[in-house]
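Down below is the structure, laid out as structure tokens.
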Amino acid sequence: DTVLKAREFGDSDLSDTLLTQTQTIIDDMDLVTRLDFRPATTSQFSQDVVLTKIKSNNSGIYLLDSAAGRIYRTVATSKGFYDIDSSFQCGPGTYGVITVGKIVDFTTLPTNTRSYELLAVDAGGNLLYCSPENDPVPGSLIPPEDEWGKIAAMSLDEYTLYVVDAEKDRIWSYAGRDFEIAAMAGIVFSTHPVDYLGTQTVDLGGVLDLIVNKEDMFILHQDSHMTTCQYNAYRDGNPTECQDPTPYSDSRVGYEKNPLIYFDAQFKGIQETTYPTSAFYILDAANRAVLQYSYQLNLERTLKPQPSKTYPLPETDMTGVGISTAKELFLAFGNQLYVGGLP
């Protein structure tokens with residue numbers, strides 16, 4: 001505080017040095033790694049855009065505007081920035097006999113015969129297959145017997161799609177396959193839904209997102225707690241077993257070692273990476289940080305922006321986080337997108 005007060009009367013080399021030293025000591029205690037961020041795009045998204053979910057593959061960076069329920073695509077330029085692809089279409093509308101509402105979640109797709117890059121879903125189970133330079137192709141999930149409540153999130157693990165109905169506290173799985181028939185979309189989920197939870201009960205009303213990695217499922221909630229589930233087809237009785245909540249592991253000085261929730265946090269989203277290391281990245285808007293966890297929920301490091309006079313970050317709330325295949329970390333502040341390199 002003394003250093004910051006001194007800086008109010010003007011910057012000096014001494015105050016800069018003291019601030020850096022103090023920040024370094026505190027950062028070491030809090031497992032903080034500082035990253036340099038700069039604006040990511042060459043042009044601005046419109047003012048009413050709120051970027052939340054950010055996912056990438058080799059064809060671009062894809063961003064969900066949760067305000068309009070549509071997806072944007074950005075493409076890397078030779079100078080390291082990103083252009084917004086104005087021709088990319090993936091959003092609400094009437095496509096033939098199917099009317100797609102606001103997109104609530106999307107996933108990148110594995111290589112398929114129709115070259116679709118994304119699969120998007122609305123709250124009522126309507127699908128949209130999207131790819132650059134092509135019009136979106138609609139589809140629909142076969143609903144459960146008691147119909148959909150409200151779909152809030154989905155996750156694709158290889159060719160199995162998992163869909164969260166937040167209103168009815170259920171998770172449904174669909175087996176997908178890549179059809180080569182001309183009339184069918186690239187990867188089709190034409191099976192009836194399977195009740196993933198079975199006799200397990202989980203309150204999914206505040207679900208933010210889920211990640212599925214083979215037999216393991218991780219469900220992140222708005223109050224920052226994590227539910228973990230394991231699927232074992234050979235288990236007697238119910239094949240799915242969940243722990244709700246599952247404790248985190250936190251080695252930071254002054255923090256609870258095995259917290260069930262973080263009272264001072266405001267979790268907004270989760271991303272996973274499998275290369276070069278398997279990890280979760282959770283956006284904590286309250287602390288303007290990205291928390292990196294192992295798959296055992298051990299906090300490995302806290303990623304925070306390095307203060308910058310050249311590219312000061314917006315004062316507005318962080319709304320989204322994403323990791324690119326090129327090891328770049330994206331942070332969204334409403335309609336503004338920033339990027340930094342992961343160490």
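Just so you know, these numbers come straight off a predicted model, no measurement behind them. If you read the sequence from its start, that first residue is 1, and numbering goes on from there.
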### Query
Residues in ring pair (Phe, Tyr, Trp, His ring centres under 6.0 Å) with Y338, at least two apart?
F333
### Message
Which residues pass the ring pair (Phe, Tyr, Trp, His ring centres under 6.0 Å) test with Y174, not counting sequence neighbours?
### Response
none
### Message
Can you see whether D216 engages N213 through a side-chain donor-acceptor pair at a distance of less than 3.5 angstrom?
### Response
no
### Task
For D48, check side chain to side chain contact (heavy atoms under 4.5 Å, CB included) against everything at least two apart and list the hits.
S46
### Task
Would you give the length of the straight line joining atom CG of L297 to atom OG1 of T246, rounded to the nearest 0.5 angstrom?
6.5 Å
### Task
Would you check, one step at a time, whether the test salt bridge (Lys or Arg N to Asp or Glu O under 4.0 Å) holds for D105 with K55?
CA-CA 11 Å; D105 203 357; K55 300 176 185 183; 3.4 Å; yes
### Task
Please test T74 against D85 for side chain to side chain contact (heavy atoms under 4.5 Å, CB included), starting from the C-alpha separation and ending with a verdict.
CA-CA 6 Å; T74 66; D85 178 3; over 6 Å; no
### Task
Could you tell me whether the side chain of D317 and the main chain of T319 form a donor-acceptor pair under 3.5 Å?
no
### Query
Can you name the residues that form a ring pair (Phe, Tyr, Trp, His ring centres under 6.0 Å) with Y295, not counting sequence neighbours?
F218, F280
### Query
For R170, which residues count as a salt bridge (charged side-chain N to carboxylate O under 4.0 Å, His left out) partner, sequence neighbours excluded?
D195
### Message
In terms of relative ring orientation, are Y129 and Y116 parallel, tilted or perpendicular, with 30° and 60° separating the classes?
### Response
tilted
### Query
For the atom pair OH (Y281) and CG (L329), what is the distance rounded to the nearest 0.5 Å?
8.0 Å
### Query
Would you say the side chain of I142 lies within less than 4.5 Å of the side chain of T191, judging by non-hydrogen atoms?
no
### Task
Check the hydrophobic clustering (I, L, V, M, F, W, Y; side-chain heavy atoms under 4.5 Å; chains of links allowed) and say if I282 and L303 are grouped together.
no
### Message
Test of understanding: with ring pair (Phe, Tyr, Trp, His ring centres under 6.0 Å), list the residues that count as partners of Y248, not counting sequence neighbours.
### Response
Y262, Y293
### Y311-F37 aromatic ring centre distance below 6.0 Å
no
